[in-house]
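Every chain is numbered from 1, with letters handed out A, B, ... down the list of sequences. As a basis for the values below, the full set of heavy atoms in this structure was taken, side chains included, without hydrogen atoms, waters or symmetry mates.
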Amino acid sequence: MDHKRRNGGPYKGGASQAKRGKTTGEWEDSPSQFEEELSMFDEAEMEAEEMEGQAGHDVIPVGDLFSADLNPRWRRPIAPSLDPLSDTLVFQQIDLDYYLVAGMPGQLQEKVPIIRMFGVTDSGNSVCCHIHGFAPYFYVPAPSGFTSDDLGEFKRELNSVVLKDMRSNKDNISVTVLAVDITRKESMYGYHGKRSLDFLRITMAMPRLIAPAKRVLEQGFKFGHFPINGYQSYEANIDFEIRFMVDSDVVGCCWIELPKNKYRVSLCQYEVDVGWTDFISHPAEGDWQRIAPLRVLSFDIECAGRKGIFPEADKDPVIQIASMVQRQGETEPFIRTVFTLQSCASIVGSQILCFTQEKQLLQSWAEFLRTVDPDIITGYNIQNFDFPYLLNRATVLKANLFSHLGRVRNMKSVLRDQNFQSKQMGRRENKITNIEGRVQFDLLQVLLRDYKLRSYTLNAVSFHFLQEQKEDVQHSIITDLQNGNEQTRRRLAVYCLKDAYLPLRLLQKLMCVINYMEMARVTGVPLTYLLSRGQQIKVVSQLLRQAMKQDLVMPVVKPEGGEDYTGATVIEPEKGYYSVPIATLDFSSLYPSIMMAHNLCYTTLLQKEDFIKTPTGDTFVKSSVRKGLLPEILENLLSARKRAKTELKKETDPFKRQVLDGRQLALKISANSVYGFTGAQVGKLPCLEISQSVTGFGRQMIEQTKQLVESKYTISNGYQADAKVIYGDTDSVMVKLGVATVREAMDIGTKAAEWISSHFTPPIKLEFEKVYYPYLLINKKRYAGLYFSASADMHEKMDCKGIETVRRDNCPLVANLINTCLQRILIDRDPQGAVAHAKEVISDLLCNRIDISQLVITKELTRTAQEYAGKQAHVELAERTRSLCWRTPFPSTHNTTWSSSCPSPC
DNA sequence: TAGTGAACCTAA
DNA sequence: TCAGTTAGGTTCACTA
């Protein structure tokens with residue numbers, strides 16, 4: 001049966017045909033820009049492929065006839081057959097997890113963990129690799145007098161205590177402790193003369209047995225003739241995946257090679273088994289920095305909600321699912337489909353599959369997803385909306401074939417709740433859907449983590465980054481469009497497609513995949529950790545890797561809040577307006593360089609005796625005695641960053657440039673988060689001696705810098721004027737050098753930075769960064785100025801710090817007003833113009849010429865009137881506006897839509 | 001009406 | 001079972 005209808009011909013014919021099919025309605029007079037974009041894909045593909053019936057814009061009334069072979073593009077390329085005896089298998093690993101299985105050789109009764117890596121080959125074939133033979137373990141110090149003769153007794157007793165400790169033993173476990181070995185290790189916390197001691201390495205049968213074993217050992221454990229003892233445990237709080245990766249030198253998203261003869265093909269296309277010591281992990285360098293042609297699927301669903309009620313999965317049906325699939329590195333999606341409930345008119349450049357039953361639609365879409373087999377799934381708020389909605393809906397409809405979304409056979413995707421709390425991000429409730437082997441890359445989550453925005457709606461975000469917006473369909477009319485005809489449903493489908501397309505575009509524009517991969521490679525954690533976990537795990541991963549080389553082990557510390565420590569100095573500002581150039585000198589990577597310069601580390605901290613004293617009185621050994629792990633990590637990060645930047649300068653290939661830029665960025669961020677890790681009191685390994693010493697050095701340095709610059713650049717030393725530090729914060733000083741031109745300020749600033757640097761221990765370095773001219777210093781952490789750095793002739797931007805223009809808790813009217821005033825003052829050098837503008841806006845406000853329904857008028861506006869409106873106007877305006885200060889309910893940051901542009905003065 | 005503390009957001 | 005740091009400005013509700 002021919003159930004395909006091809007709208008043949010090139011774009012023009014297709015479009016006109018689509019138009020002819022339309023009925024009346026104001027929105028239908030011409031295809032939207034997005035529709036034209038879609039049709040361009042079609043045209044390009046027709047030329048490239050000269051294939052019939054594939055690139056097309058089909059409408060397929062599917063009914064019960066859905067088949068994964070409806071479109072040959074959906075499937076991955078056919079996998080060339082693999083002979084383990086003669087072929088190596090090389091793939092980029094993108095995610096890994098583990099599962100438990102019984103009946104492995106040597107462990108017939110007990111379950112053992114098996115690491116499972118998912119990845120993609122250069123030719124775009126997907127790989128599932130089972131890695132055998134790696135077991136979880138942790139350490140405790142051996143009690144004094146312990147010898148290898150005691151190992152058996154220790155192991156037996158620990159095993160029995162752990163078994164007893166288990167409340168229920170539903171798996172019928174009889175062996176919990178697999179092995180106990182004596183090994184020479186040293187605690188990484190504190191310097192103790194490089195004395196390695198006997199540690200017991202305790203290997204457990206399963207990851208989840210580590211915690212009870214640790215607990216019984218800590219609480220007081222007795223075995224043989226040894227007295228009862230509370231054991232301090234080491235590395236008992238390391239995620240199993242991280243443990244494996246650290247021990248086998250695997251970093252996130254690295255390339256894995258399975259040598260011939262070392263693996264066996266077990267099931268389907270490239271599902272392989274290998275021993276954990278048999279594979280090769282390639283460091284992400286040179287050619288191994290490349291990225292496999294990953295398949296990225298973006299999707300969006302539409303629901304037919306009831307009027308004014310947010311759709312509920314137990315009542316409101318899913319009516320459309322749009323999907324777009326793109327290969328990483330390519331610029332356009334090669335699959336564009338919409339699954340619709342009921343008929344839908346064709347859309348040039350996309351394939352439409354129409355269903356009569358919602359259950360069929362859902363199950364077919366899941367089948368489509370399995371066929372496409374994406375490595376990365378993206379979309380907007382898919383984590384907390386689309387996936388939960390689809391899964392709940394599938395349950396309601398008893399669509400049992402739906403919920404197998406991962407790459408593991410017989411593994412259902414289920415929902416669970418996660419509560420996440422941190423000082424950095426506040427409380428966050430999230431829903432988690434397990435989809436084994438596919439990385440869920442919800443663009444909303446990426447944006448919430450990485451960008452501070454006024455609004456996080458897809459529309460606002462798309463406008464902000466792409467200057468593009470969603471198709472114009474109000475939520476309230478979705479149900480009406482669905483209940484209309486195939487033309488109204490077509491309009492909905494275009495809208496839905498665009499909502500699937502925009503996340504893909506944003507992902508590309510923001511280079512999320514590349515940047516996150518580089519972060520995973522640099523820090524060593526799996527890609528998924530970067531979106532699901534905090535900052536600490538990245539440092540832990542690096543710390544463990546560095547420590548392992550020196551047989552150092554990481555203690556488990558119990559979280560304990562305590563007194564805060566002193567942070568950085570903010571120099572009291574000499575507030576005012578400066579119509580002369582102000583040079584800014586910055587210490588580059590201040591905290592990392594302090595830690596390197598002074599060898600600050602867990603491993604170098606002296607808890608008693610004498611040695612280097614930090615400003616806070618803490619003591620660390622010099623690097624000649626023992627070089628710290630943290631300085632080593634930081635040196636690696638910063639030198640790798642330098643290399644990346646050098647390579648970046650040489651590289652001409654735009655794609656490789658992106659990778660390198662992502663890399664240097666990840667390296668910088670990683671270096672800066674090491675300090676925060678040591679200061680995180682409720683963290684994996686806090687050490688306030690380190691963090692307070694770092695800030696202590698910082699305070700000394702900023703003070704010394706101020707004194708140096710003010711003592712050298714004086715009239716008595718032959719300079720034009722006495723230099724004056726008018727402000728400084730943490731790692732920077734703003735200096736009024738008393739010169740008239742930006743050029744002079746740059747020259748002196750550069751020389752001063754170099755000279756001052758020579759007073760500090762390398763790699764500490766003060767750099768000339770920029771000149772502000774003019775400069776408006778309002779208060780601590782609040783200033784604005786024209787920014788000169790590359791050229792002395794042209795300012796690059798108006799730099800505003802801490803002022804309302806950059807804060808998200810003001811309405812845009814305030815931000816815009818102040819921004820314009822600052823432009824008048826700094827760029828036009830016309831304070832009267834600022835006054836005039838402020839007056840105008842405020843009087844518009846007073847005369848109700850501005851729609852105030854969405855604005856929040858704060859005292860800041862009044863103050864602005866006072867500050868910028870000059871002497872006479874000041875009193876008058878301030879008084880008139882004060883009475884008008886009121887507050888409309890102020891929505892929280894999330895889901896806030898300000899009117900996209902501020903009403904301009906009328 | 002001045003002082004205080006919480007909430008929020010930003011600088012670094 | 002998980003969470004990077006401190007400094008500091010502004011607004012606003014509350015209190016004596």
Base, sugar-phosphate or nothing for A:Y565? Non-hydrogen atoms, less than 4.0 Å.
sugar-phosphate
Would you tabulate the pairs of protein nitrogen or oxygen atoms and nucleotide nitrogen or oxygen atoms of nucleotides 10-12 of chain B closer than 3.5 angstrom?
| from | atom 1 | to | atom 2 | distance (Å) |
| --- | --- | --- | --- | --- |
| B:dT10 | OP1 | A:V806 | O | 3.2 |
| B:dT10 | OP1 | A:R808 | N | 3.1 |
| B:dT10 | OP1 | A:R808 | NE | 3.2 |
| B:dT10 | OP2 | A:R808 | NE | 3.3 |
| B:dT10 | OP2 | A:R808 | NH2 | 3.0 |
| B:dA11 | OP1 | A:G802 | N | 2.8 |
| B:dA11 | N3 | A:K781 | NZ | 3.2 |
| B:dA12 | OP1 | A:Y783 | OH | 2.7 |
| B:dA12 | OP2 | A:K801 | NZ | 3.2 |
| B:dA12 | O3' | A:D731 | OD1 | 2.2 |
| B:dA12 | O3' | A:D731 | OD2 | 3.2 |

Quick one: label A:G679 by what it contacts on the DNA or RNA (base, sugar-phosphate, nothing), any heavy atom closer than 4.0 Å.
sugar-phosphate
CD1 of A:I238 versus P of C:dC2: gap in Å, rounded?
11 Å
Any base atoms under 4.0 Å from A:V682, or only sugar-phosphate, or nothing? Heavy atoms, all strands.
base
How would you label the contact of A:T569 with the nucleic acid (heavy atoms, under 4.0 Å): base, sugar-phosphate, or nothing?
nothing
Go through the structure and list residues passing side-chain contact (heavy atoms from CB on, under 4.5 Å) with A:Q440, not counting sequence neighbours.
A:F387, A:T433, A:I435
Distance-only criterion, 3.5 Å: show the donor-acceptor pairs between side-chain atoms of residues 700-707 of chain A and protein atoms not counting sequence neighbours.
| from | atom 1 | to | atom 2 | distance (Å) |
| --- | --- | --- | --- | --- |
| A:E703 | OE2 | A:Q707 | NE2 | 3.1 |
| A:T705 | OG1 | A:M701 | O | 2.6 |

Salt bridge check, A:R807 against A:E804: does any charged N sit closer than 4.0 Å to a carboxylate O?
no
Measure CD/A:E560 against C1'/C:dA3 and give the value in whole Å, please.
16 Å
How many whole angstroms separate atom CG of A:D564 from atom P of C:dA7?
8 Å
Taking side-chain contact (heavy atoms from CB on, under 4.5 Å) as the test, write out the residues that go with A:A213, two or more places apart.
A:F138, A:V162, A:M204
Rounded to the Å, how far apart are A:Q692 CD and C:dA7 P?
12 Å
Residue-phosphate contact under 4.0 Å: A:N779 side-chain N/O, C:dT10 OP1/OP2
yes
Non-neighbouring partners of A:Y577 that pass ring pair (Phe, Tyr, Trp, His ring centres under 6.0 Å), sequence neighbours left out:
none
Distance check needed: C:dC2 P versus A:Q535 CD, whole Å only.
16 Å
For A:Y675 and A:V570, find the nucleotide of DNA chain C closest to each by heavy atoms; which residue's nucleotide sits nearer the 5' end?
A:Y675
Can you measure A:I778 atom CD1 to C:dT10 atom C1' for me and round it to whole angstrom units?
12 Å
Quick one: on DNA chain C, does A:F677 or A:A568 contact a more 5' nucleotide (nearest heavy atom)?
A:F677
Set of salt bridge (Lys or Arg N to Asp or Glu O under 4.0 Å) partners for A:E572, sequence neighbours left out
A:K780
Is A:K770 salt-bridged to A:D799, cutoff N-O under 4.0 Å?
no
Separation of C:dT5 atom P from A:K538 atom NZ, nearest Å, is 14 Å
Expressed in angstrom and rounded to an integer, what is the separation of A:Y529 atom OH from C:dA3 atom P?
10 Å
